2 protein chains.
Amino acid sequence: MSFDERKKTRVTLLDVARHANVSRATASLVLRKSPLVGSETRSRVEQAMRDLGYVYNIGAARLRVERSQIIGAIVPNLTNPFFAELLSGIEEVIGETGKVVILANSGDRVERQATLLQRMREHGVDGVILCPAARTEPALSEEIADWGMPVVQVLRHISFDIDYVGADYAAGMRQAVDYLASLGHAKIAFAAHGSVQSAYQERVDGFRDAMLSKALDPGILIHFPTQLGEIASATHLLFDRATRPTAVICFNHLVALGLSAGLHDCGLTIGRDLSLIGFDDVADEEAIRPKLTSVSTGPVTIGEMAARLLLERIANPDLPPRRVVNDTTLHIRQSCGRPM
Amino acid sequence: MSFDERKKTRVTLLDVARHANVSRATASLVLRKSPLVGSETRSRVEQAMRDLGYVYNIGAARLRVERSQIIGAIVPNLTNPFFAELLSGIEEVIGETGKVVILANSGDRVERQATLLQRMREHGVDGVILCPAARTEPALSEEIADWGMPVVQVLRHISFDIDYVGADYAAGMRQAVDYLASLGHAKIAFAAHGSVQSAYQERVDGFRDAMLSKALDPGILIHFPTQLGEIASATHLLFDRATRPTAVICFNHLVALGLSAGLHDCGLTIGRDLSLIGFDDVADEEAIRPKLTSVSTGPVTIGEMAARLLLERIANPDLPPRRVVNDTTLHIRQSCGRPM
DNA sequence: GAAACATTTTAGATCGATCTAAGTAACCAG
DNA sequence: CTGGTTACTTAGATCGATCTAAAATGTTTC
């Protein structure tokens, strides 16, 4: 394995074959661990690979065989720890199978999402895990079907024709509302945030249904700004209404963090002056004091499940579309008390 | 563009060429926007591409041309928001150039990192942004040189022969120590955490040097557990020593979050009973109360700079190795006061 | 010793683009 | 009308693997 040998041009399977005195075809069989080749030949070829510092060229192989070993993942926002945990679950499962994940950030914008999907098609990905940008047209699902590209939707969905993995947001809302109601709360606000998409809608609807089923007023819905810093300073929005809520359910962990800080700034004690329930329960919420009672949706698990579903879909493209809805759990900590 | 036409086999450049009555070569020229082809021909070919729903096959092109348009990124931990922000910066810059990022998580383990590097070589990445796992052998840099693979180290470094982008941890420590000293603190602890690697060492050394240059005792170094939840409950470690610190500088934002919660649990008021300075300053720190005074290292910026450096390195492999060290800034908020 | 069979090995076509070197057509100057 | 130029266009080799169909080799059976 002289310097020149490796530097001049890439070591190819043909080089290996020559070095081991076999044909390119045989070397290829060794590479793919075929039982056809004799054990003596096999070890000779393997030795040659080591001697020459051979590196398998997946790209070349893919040209022949329809499998790129690449999976795409498109999320609307990378800096949101919730999506980071999701990705971590995806990468974990995909990585175990020897495949590789292409990461892309749509910025929650439909045009950028279209560009990214196109780019992934050009790279010949085996499939894509997509958290659709807000305001994605349902027609996208037909395009995807036309392309014949295996896709799994996560967290948000635009179509029932495509596999979907998410959490049972409605059940989560019910858990939160029931718990607050059991403490005696009647004036419960929902602190929303972000763009309108299916997950948003499901949470809002879930909140309304849960409130109605307890015969409570579901009308206190307040929309907070996007940036974490701005949420805290917009806390007063909670108190600008005729009916002042005694408890607040947050849309996600960002709102929970923001309000937790904002309420502190207002001089209010969470759990006494106002009860607060978070949603999503990412790791950082551990650090909030008082500890936040929160509905956990398990982003890492959802990522893992989405990855597994995609692998199954790739293996068997003719399966009917499936929906996997992860259970939510209410973690009761310290941020809720009886109304004053 | 009948259903069959697209479904049966992939539409290839040859199909496009035939449909537009030109040769494959001409179609290829159109694809690459060569000025050689006549405008009438060009638009005919472009129309044909649209008619047939042609998708460029980067994989096939790569076989001929030495450019995969794929960049690798290897980080030790995806769920840490610090790395998520780093990735976001990387993806942003790489994405703008039309390239794509392969994401991988080494789990801070050397063997896994080796597997991932190998996998990326097989995928023919144009280059890799690597945050080396703890205890990576410096010899890895020679292997990388042998491979001829463009690599940029981020945040941590194992060799001076490879480009590096990081933050000026030592200066950050100096800013923190100087500030605390100016408030009158003398007994300042350093709350460390995580695996030992270059960034760890630089922070610890930076702390020591800064303390010594103020003629203060640099010996109060306390190591905290890895998990966020465990950090809070290990807060007492701060007070187990003969000399009780009046201020604490945290290794990173995780320690800052953990201690912030832990001190609250101990019934101590941050900024009055004990001063706390964070490090890294990721977005979530906005939500801590009292607001955390913190040294910002700018992970998004570092990611962007690393991506740009890698692109330059790819364009010009013979450049001498470079080191880019981002300035840190001390954001003074509310978590520090005069010692009691 | 030939036929039948199992076990290995291989030549050559193939995937879908790019690149080289050569070809064609149109135009202009002399 | 010839030779030179410019402006396009193209045939065919090539990148590095896989796959098919066939060949070579070894083994057993009658």
Side-chain angles (χ1 to χ4, degrees), chain A residues 5-6 8-46 48-49 52-70 98 119 121-126, chain B residues 5-6 8-46 48-49 52-70 98 119 121-126:
Chain A
E5 245 172 55
R6 255 180 309 148
K8 207 175 298 165
T9 55
R10 186 188 252 287
V11 175
T12 147
L13 201 48
L14 186 56
D15 301 330
V16 170
R18 276 202 275 256
H19 192 266
N21 258 311
V22 296
S23 72
R24 194 161 76 263
T26 304
S28 175
L29 289 175
V30 171
L31 209 53
R32 286 172 288 147
K33 312 210 185 308
S34 156
L36 286 179
V37 349
S39 64
E40 196 273 336
T41 315
R42 151 161 295 125
S43 56
R44 198 146 38 90
V45 172
E46 283 168 347
M49 290 185 177
L52 299 178
Y54 172 73
V55 178
Y56 183 53
N57 185 334
I58 296 186
R62 148 185 359 170
L63 200 51
R64 204 59 240 278
V65 123
E66 268 317 307
R67 248 334 105 86
S68 67
Q69 309 286 37
I70 302 179
R119 199 173 288 168
R121 287 221 293 156
E122 294 181 349
H123 278 279
V125 294
D126 293 338
Chain B
E5 247 172 53
R6 257 180 307 147
K8 206 174 302 168
T9 55
R10 185 188 252 288
V11 175
T12 146
L13 201 48
L14 186 56
D15 300 330
V16 170
R18 274 202 276 256
H19 192 264
N21 257 311
V22 296
S23 72
R24 195 162 74 263
T26 303
S28 175
L29 289 174
V30 171
L31 209 53
R32 284 172 290 148
K33 312 212 185 305
S34 158
L36 287 179
V37 325
S39 64
E40 196 272 336
T41 314
R42 150 160 294 123
S43 57
R44 199 148 35 91
V45 172
E46 283 169 346
M49 290 184 176
L52 300 178
Y54 172 72
V55 178
Y56 183 52
N57 185 333
I58 296 187
R62 150 183 1 166
L63 200 51
R64 204 61 240 278
V65 127
E66 267 318 307
R67 251 332 108 84
S68 68
Q69 309 285 36
I70 303 179
R119 198 173 289 169
R121 287 221 291 156
E122 294 181 348
H123 277 279
V125 294
D126 294 337

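Each chain gets a letter, A, B and so on, in the order the sequences are listed, and its residues count up from 1. These figures come from a predicted structure and were not determined experimentally.
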| said: Tell me the interatomic distance from A:R64, atom CZ, to C:dA17, atom P, rounded to whole angstroms. | reply: 15 Å
| query | Taking the side chain of A:N57 as heavy atoms from C-beta outward, which of C:dT18, D:dA17, D:dC19 is closest to it? | reply | D:dA17
| field | Distance, rounded to the nearest Å, where B:L36 contributes CG and D:dT9 contributes P | value | 9 Å
| message | Using a heavy-atom cut-off of 4.0 Å across all strands, would you classify B:T12 as base, sugar-phosphate, or nothing? | response | sugar-phosphate
| Just checking B:R62: base, sugar-phosphate only, or nothing, at a heavy-atom cut-off of under 4.0 Å? | nothing
| said: Tell me the interatomic distance from A:R18, atom CZ, to C:dA11, atom C1', rounded to whole angstroms. | reply: 14 Å
| task | Take atom OH of A:Y54 and atom C1' of D:dG16, then tell me their distance rounded to the nearest Å. | result | 7 Å
| query | Cut-off 3.5 Å, side chains only: do B:R32 and B:S28 have a donor facing an acceptor? | reply | yes
| Nearest-Å distance, CD1 (B:I58) to P (C:dC15)? | 21 Å
| Length of the CG-P vector between A:L29 and C:dT7, whole Å | 16 Å
| Does OP1 or OP2 of C:dA17 have a side-chain N or O of B:S28 closer than 4.0 Å? | no
| Within this structure, what is the CG-to-P distance between A:L13 and D:dG16, rounded to whole angstrom? | 11 Å
| note | Correct closest heavy-atom pair for A:A48 and A:A20 would be CB-CB, 3.8 Å
| Nucleotide nearest B:T41 (side chain, heavy atoms from C-beta), chosen from D:dG16, D:dT9, C:dT18 | D:dT9
| task | With DNA chain D as reference, determine whether B:L63 or B:E40 sits nearer its 5' end, using the nearest nucleotide of each. | result | B:E40
| said: Which nucleotide wins on minimum distance to the side chain of B:T26, given the candidates D:dA17, D:dC19, D:dT10? | reply: D:dT10
| field | Selection from D:dA17, D:dT9, C:dA11 that lies nearest to any side-chain heavy atom of A:A25 | value | C:dA11
| task | Classify the nucleic acid contact of B:A61 as base, sugar-phosphate or nothing, counting any heavy atom under 4.0 Å across all strands shown. | result | sugar-phosphate
| said: Using C1' atoms of five pairs at each end, report the bend of the helix from C:dG1-D:dC30 to C:dG30-D:dC1 rounded to 10 degrees. | reply: 60°
| query | Which heavy-atom pair separates B:I58 from A:H123 by the least distance, and what is that distance? | reply | CD1-NE2, 3.4 Å
| Between B:V16 and B:V11, which heavy-atom pair has the shortest distance, and what is it? | CG2-CG1, 4.3 Å
| note | Heavy atoms of A:L31 and A:Y54 approach each other most closely as CD2-OH, 3.7 Å
| With distance as the sole test, does A:R42 use its side chain to make a donor-acceptor pair with the main-chain N or O of A:L29 at under 3.5 Å? | no
| Over all atoms of both residues, closest heavy-atom pair of A:L13 and A:R24 | CD2-O, 4.2 Å
| query | What's the CZ-P distance between B:R24 and D:dA13, to the nearest Å? | reply | 11 Å
